[in-house]
Structures are given as C-alpha cells and as structure tokens.
Amino acid sequence: MLAARLANGASKAGTDNAFGDEQLDVDLAADEIIFQEFMSCGAVAVAASEEKPVEAPMGGSSERLYSVGFDPLDGSSIIDANFAVGSIFGVWPGDKLLGRTGRQQVASCMSQYGPRTTMAVALSAVTTGGDAVAFELTFQSDVQRWVVTREKFDIAPAGKVFAPGNLRATADQPAYKRLFDHWVDNRYTLRYTGGMVPDVYHILIKNKGVFSNVSSAAAKAKLRLLYECAPIALLIEAAGGASVMAPSPGAASGGTPLSVLDVEIDNLDKRLGLCLGGKEEVDVFNRFMFG
Ligand SMILES: O=P(O)(O)OC[C@H]1O[C@](O)(COP(=O)(O)O)[C@@H](O)[C@@H]1O
C-alpha cells in the first residue's frame with residue numbers, strides 16, 4: 001500500500017498542510033512511515049515535520065530521549081520529473097523543539113534517493129565532545145546494511161560551483177542580482193536541480209561550491225529553519241564550511257551576518273533565506289548581501 005503510494009511519485013493528495021502548501025501523496029506516505037518508525041523506536045519524545053508542523057508526542061521511554069524536526073520528502077517540485085530527492089532530519093536532546101537553535105542539535109542527516117541510496121550524517125561537537133564531524137553512509141541493498149563510504153566530508157574554502165535558488169528574487173532584490181552576475185562573470189559552474197538535498201549533496205561530494213536561496217518582497221522565502229535549514233547547516237559547518245541567514249527583504253544594508261545555527265526556532269514554520277558552502281564563498285555572499 002505505502003510502496004504503491006511511494007511509487008506513484010507525484011500524484012496530488014488533494015490536501016494542503018497547515019500552511020496551505022499543496023501536499024503530494026508521496027509526501028504524506030513518507031511522513032507516515034517516518035512517524036511510525038519514531039513511535040516504535042522508543043528513543044523519540046516529540047517530532048514535527050514539514051507536513052505536520054506541530055510537536056507531536058512519540059511516546060519514547062528510553063533513558064535518553066530526543067526530539068526530531070524533519071522534512072519527509074524534500075524536492076516535491078521535482079519528483080514528478082524523477083530527479084533525485086531526499087529526506088532531512090535534525091535531532092535535538094530532550095523533549096522540545098520550539099525555542100531551540102540549530103547549534104543545540106546532537107546530530108543531523110540528509111538521505112538522498114538517487115542512483116544510490118546514501119546519507120550524509122553530522123555529529124555535532126555536543127555529541128563528539130570535540131570537533132563536529134560529517135560523513136557518508138551508503139545503503140547496500142544486497143546485504144540490507146548501511147556502510148560508511150566516506151569517513152569525512154571536507155569542504156574547501158573556495159570553489160567556483162554555484163546553486164542559486166529562488167532566482168525570481170533577483171527581479172526585486174538588486175544585491176542578489178549583483179551577486180548572480182558576479183558568479184556568472186567569474187565563470188562559476190552552475191549545478192542546480194531545484195532540490196535542496198541533491199544541490200547540497202553535490203557540494204559535500206565535490207568538496208566545494210555554494211548554495212543560496214534568497215527571498216525578496218515578491219519572491220517569499222520557502223525554506224524552513226527547523227526541517228531543512230538548521231539540519232543542513234550543521235552538516236555543512238561540520239564539514240568545514242559555513243552558513244549564513246540571508247537578510248530579510250527590505251532589510252537595510254550593513255546588517256551583521258548570523259550563522260543559520262544561531263537563529264532561534266521561535267516558530268515551527270519559520271522560513272528564511274540562506275547561503276551555505278565554502279567559507280570564502282559565503283564571505284563573498286556576505287559582501288554582496290550585507291555590504
Ligand atoms: O524553485 P526555487 O525557488 O529555486 O526553490 C527550490 C527549493 O525549494 C524546495 O524544493 C523546497 O522543498 P520542498 O520540496 O520540501 O517543499 C527545495 O528543495 C529547493 O532548494
């Protein structure tokens with residue numbers, strides 16, 4: 001039943017989530033599977049998802065309990081074209097999500113369903129007791145096991161590969177247009193699918209590049225802090241890169257760049273613009289967007 005719904009890719013569920021976003025049947029199918037797994041694992045106190053953005057009790061009873069914010073299926077706008085898509089998870093200690101910051105995560109991961117089923121995992125400094133670390137697991141279906149296929153992701157400070165999201169915003173956000181022109185004039189290579197998971201995974205695997213999604217008055221932010229941005233920012237920063245929250249539309253120039261990991265989750269549907277990637281590439285972003 002669920003497999004059939006998953007196989008049926010892009011059929012619309014005919015429902016909207018709490019924020020009026022149209023839901024695909026596959027979004028809901030993936031959401032159901034993941035919530036069921038959390039309820040049966042015993043280690044999850046509360047969970048919230050992009051499809052069900054409320055702190056739902058998961059009945060965990062183990063000594064250590066965790067709270068999870070997740071996007072069951074990132075890339076719902078490209079799955080009908082059969083592009084690689086993925087799921088995103090952020091894990092916090094204890095039994096609440098509201099009021100947290102990304103830096104308080106104990107771990108995060110991003111699974112990708114492409115030619116291979118892989119997962120990029122970050123363990124934060126809170127968990128390692130030292131430096132945060134990011135590595136890759138690959139699912140080996142013949143032995144039904146996940147194996148480590150990359151011991152450590154390591155993003156170079158500079159690298160001319162860009163993934164510019166929400167480019168509609170360049171029409172009424174001059175700084176983003178100037179930045180886009182900078183990337184083009186400096187012969188950056190474009191690698192953009194319209195799916196945050198594959199676009200960020202490309203940066204991790206190639207050890208270089210920059211991803212952006214900037215909003216404007218006419219092109220509102222759609223990436224969510226709890227389910228997408230905070231977990232992925234932990235992955236990028238654990239891999240030696242940087243993250244920054246983009247200035248909100250109409251913000252005066254000269255603001256202070258803030259790591260996505262230091263933005264408070266003061267709303268379970270908080271959306272923001274951001275930039276992620278090599279440290280020097282994020283510095284370039286800051287020069288154009290905050291200069
Ligand atoms: O089409 P745009 O504006 O460039 O934005 C694409 C972004 O929106 C998303 O598709 C949103 O994700 P969802 O599929 O989870 O809604 C991201 O994966 C992607 O980076």
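Order of appearance sets the numbers: ligands from 1, and atoms from 1 within every ligand. Worth knowing before you read on, the calculation uses all heavy atoms, side chains too, and leaves out hydrogens, waters and symmetry mates. Not measured: the values here are computed from a predicted model.
When the side-chain contact (heavy atoms from CB on, under 4.5 Å) test is applied to Asn186, the partners found at least two apart in sequence or on another chain are Lys160, His182, Tyr188. Under the rule for a side-chain contact (heavy atoms from CB on, under 4.5 Å), the partners of Pro93 that lie at least two apart in sequence or sit in another chain are Arg100, Val106.
The pair Asp283-Lys279 does not meet the salt-bridge criterion, since no charged nitrogen lies less than 4.0 angstrom from a carboxylate oxygen.
A side-chain N or O of Arg103 and one of Ser259 form a donor-acceptor pair less than 3.5 Å apart.
Other residues sharing the hydrophobic cluster of Phe135, ordered by chain and number and joined by side-chain separations under 4.5 Å: Met119, Val121, Leu123, Val133, Leu137, Phe139, Trp146, Val148.
Ring planes of Phe162 and Phe180: tilted class, angle from 30 to 60°.
Residue-level contacts of ligand 1 at the 4.0 Å heavy-atom threshold are Glu50, Asp71, Leu73, Asp74, Gly75, Ser76, Ser77, Gly165, Asn166, Arg168, Tyr192, Gly194, Gly195, Met196, Phe211, Asn213, Lys222, Leu223, Glu228.
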